[in-house]
Amino acid sequence: MVHRIPLRFQLVALQLGIVLAVLTAVGAVTIRMQEQQLRDAYKGRLIGVAESVARLPSVVNAFGTPQPAQTIQPIAEVIRQASNVTYVVVTDRHGVRQSHPNPAEIGRPVSTDPSVPLSGEIYVGTQTGTLGESWRVKVPIFDNAGAVIGSASVGVLESTLAQDLYEDLPQLFGWLLGAALLGSLGAMYISKLVWRRIYKLEPEDIAALLETRDAMLHGLGEGLIAVDAEGKVALVNDEARRLLGVGEEITGRAASECLEPGVRRMLTAGSATEELVLSGERILLGKVNAATVDGREVGKVLILRDRTELHTILRDRDGALDVTQALRAQAHEFANKLHVISGLLELGEQGKAVEYLGRSHSEAAFVNRPLAAGITDHDVRALLIAKSTVCAERGVEILVDPASVCTPDGTGDVITVLGNLIDNAVDAAGYDSTIAVGLDEAPDGERTITVEDDGPGVPEPERTAVFEAGVTTKQAEGINSRGFGLALVQRVARRRAGGASVGPSVLGGACFTVILRTKEAELQNNELHTHPHH
């Protein structure tokens, strides 16, 4: 079993390493700068002492005497002791010493190269002489005529420089130690703070939680969208992308820019009750819950369920129930008619029985009501027959324009549009009304669907709003299950590069007109919406 070092200890060690590395670098740079400043200070002093010796008239004039050392040595020693330097050495133009802290060295050539000062230049550097390694300055000595007649060398031992430097190091190390201690305490505090902020979890635990969360979220059969307090999408799973038809990455974007108006309205309202919302051509059941952390609301979570298929099934079920009720009523009426015919036959009224049978046959003919010959789409024919049968029981007559044309197009768009328009017309017109249906098809495949009724119609100010999701004049039953039919019709029409409109009808009510263009036009329309700059 591999024993991992806890994260808080790793953070402390990492930060301590950084602190120690920085302090070491700072200490080294500080010592180097301190040493340089010390050398610069000594350099200025050494140059001043050397130039003062080289300019003394007594020293310059001594070179014209037979024994220059007798005059120069006492002067050099007085200056050396007064300036607190290691040595003051004066040489003639041949490099022979005329002064030295050790009198035995007087009269001997210097042990280092005197060519630089004897050439008239100033030399500054470290050299090793008879007294040891020293930081020294050599300046030329000029006579009254400007000729070089010797040199003055002033120096201090490197050991003296090091000693002066070491005197300042304890204070520097004290500051560095204090900084290291403060950095260590800060490192431990930050590590503990981070450890608490991540709920005392180790990186492996956090990774496992994230993997589990991703697996759960993307494996859910329900769509899930989370937005933060600023209204930006923080999380969206695969099912939500599918339900909303979102192909691009929307995480981090404002919900107002990338979500359907109905979804945005739900998130803004923040209602905890379930309600239906239309996304594209899907009917979704959504519920918004507040996301809280430590009792503080940090965002909202929207859960979506696909109710499109259920909505279709429920509508088909209602249609089947209507057909069943119609058939039951017809069966009951047929039984009554059989009893009447049987009674007339028993009474010997065969003529009246035949007359009654003829009237009954003509009255029941609505079940096999003929349709326009141009409607060759069997699904559309079946829909019209079923709607006619059901509506007849409610006293609603559906009249199909004999000139109607509708051929199969391989989609269910005509069924969706026509079924919703007829249902809407029946709800609007009510009992004992008339509904007119017209279908037309242009040579290029463009389809026009028209449904008219003799109901109250749609006022002109409301003719745009009726196509919005959730807008209805009927009382909702349970969850807002109404107000989606016309919105769905309009979205289908737009997808097919067409449109939906409503106006007055010659029957006195409303006339809904929907245009569905060809598949090629639909593809061009989708391409235009995908690349609007084209």
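The first residue in the sequence is number 1, and the count goes up from there.
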**Message:** Among residues at least two apart in sequence or on other chains, which ones pass side-chain hydrogen bond (donor to acceptor under 3.5 Å, both in side chains) with Glu441?
**Reply:** Thr407, Arg447

**Prompt:** Considering all heavy atoms of both residues, which atom of Ala372 and which atom of Asp401 are nearest to each other, and what is their separation?
**Reply:** CB-O, 3.5 Å

**Request:** Output the distance between atom CG (Leu516) and atom OG1 (Thr411), rounded to the nearest 0.5 Å.
**Result:** 7.5 Å

**Request:** Let me see the working for Leu384 and Leu418 under side chain to side chain contact (heavy atoms under 4.5 Å, CB included), right down to the final yes or no.
**Result:** CA-CA 9 Å; Leu384 291 173; Leu418 190 58; 3.8 Å; yes

**Message:** Strictly distance-based, threshold 3.5 Å: is any side-chain N or O of Arg305 a donor or acceptor partner for the main-chain N or O of Glu222?
**Reply:** no

**Residues forming a salt bridge (charged side-chain N to carboxylate O under 4.0 Å, His left out) with Arg463, sequence neighbours excluded** = none

**Asked** Side chains of Leu488 and Asn420: closer than 4.5 Å at any heavy-atom pair?
**Response** yes

**Item:** Check: Ile435 and Lys387 side chains under 4.5 Å, non-hydrogen atoms
**Value:** no

**Side-chain heavy atoms of Cys511 within contact of Thr450, under 4.5 Å** = yes

**Beyond-backbone contact of Val263 with Leu284, side-chain heavy atoms, under 4.5 angstrom** = no

**Complete:** In short, side chain to side chain donor-acceptor pair (under 3.5 Å) pairs touching residues 174-196 with sequence neighbours left out are Gln15-Ser191

**Validation row: Leu244, Ile225 side chains within 4.5 angstrom (heavy atoms)** = yes

**Prompt:** Just how far is it from atom CG of Leu176 to atom CD of Gln171, taken to the nearest 0.5 Å?
**Reply:** 11.0 Å

**Item:** All pairs passing salt bridge (Lys or Arg N to Asp or Glu O under 4.0 Å) where residues 7-25 contributes a residue, at least two apart
**Value:** none

**Request:** Over all heavy atoms of both residues, which pair between Gly223 and Leu243 is shortest? Give the atoms and the distance, please.
**Result:** N-CD1, 4.1 Å

**Request:** Show your working on side chain to side chain contact (heavy atoms under 4.5 Å, CB included) between Thr434 and Val396 and close with a plain yes or no.
**Result:** CA-CA 6 Å; Thr434 300; Val396 177; over 6 Å; no

**Asked** Glu257 versus Arg264: any side-chain heavy-atom pair under 4.5 Å?
**Response** no

**Prompt:** Got Phe512 and Val489 here, is their nearest side-chain heavy-atom distance under 4.5 Å?
**Reply:** no

**Prompt:** If you measure from CG on Asp423 to SG on Cys391, what distance do you get to the nearest 0.5 Å?
**Reply:** 8.0 Å

**Prompt:** After noting the C-alpha distance and the side-chain angles of Glu239 and Leu224, does the key distance pass the side chain to side chain contact (heavy atoms under 4.5 Å, CB included) rule?
**Reply:** CA-CA 7 Å; Glu239 181 65 9; Leu224 186 144; over 6 Å; no

**Message:** If you count every heavy atom of other residues, nucleotides or ligands that lies below 6.0 Å from Glu204 atom CD, does the total exceed 12?
**Reply:** yes

**Item:** For Ala291 against Val301, the heavy-atom pair lying closest together
**Value:** CB-CG2, 4.0 Å

**Asked** Less than 4.5 Å apart, any side-chain heavy atom of Val502 and any of Thr513?
**Response** no

**Request:** Indicate the atoms forming the closest heavy-atom contact of Ala500 with Ala493, along with that distance.
**Result:** N-CB, 4.3 Å

**Item:** Nearest non-hydrogen partners of Asp454 and Ser433, listed with the distance
**Value:** OD1-CB, 3.1 Å

**Message:** Determine whether a donor-acceptor pair (N or O, by modelled atom type, separation under 3.5 Å) exists between the side chain of Gln10 and the backbone of Ile5.
**Reply:** yes

**Residue list, salt bridge (charged side-chain N to carboxylate O under 4.0 Å, His left out) with Glu158, at least two apart or on another chain** = Arg39

**Message:** With rounding to the nearest 0.5 angstrom, report the SG to NZ distance, Cys258 to Lys232.
**Reply:** 11.5 Å

**Item:** Over all atoms of both residues, closest heavy-atom pair of Leu23 and Ala179
**Value:** CD2-CB, 3.7 Å

**Pair Leu193-Ile190, side chain to side chain contact (heavy atoms under 4.5 Å, CB included): steps then yes or no** = CA-CA 5 Å; Leu193 179 64; Ile190 292 175; 5.5 Å; no

**Fill in**
Contacts satisfying side chain to side chain donor-acceptor pair (under 3.5 Å) that involve residues 17-34 (not counting sequence neighbours) are Arg32-Gln36, Gln34-Asp168

**Prompt:** What distance separates Arg517 CZ from Thr448 OG1, expressed to the nearest 0.5 Å?
**Reply:** 8.5 Å

**Message:** Within this structure, what is the CG-CD distance for the pair Leu421 and Glu452, rounded to the nearest 0.5 Å?
**Reply:** 11.5 Å

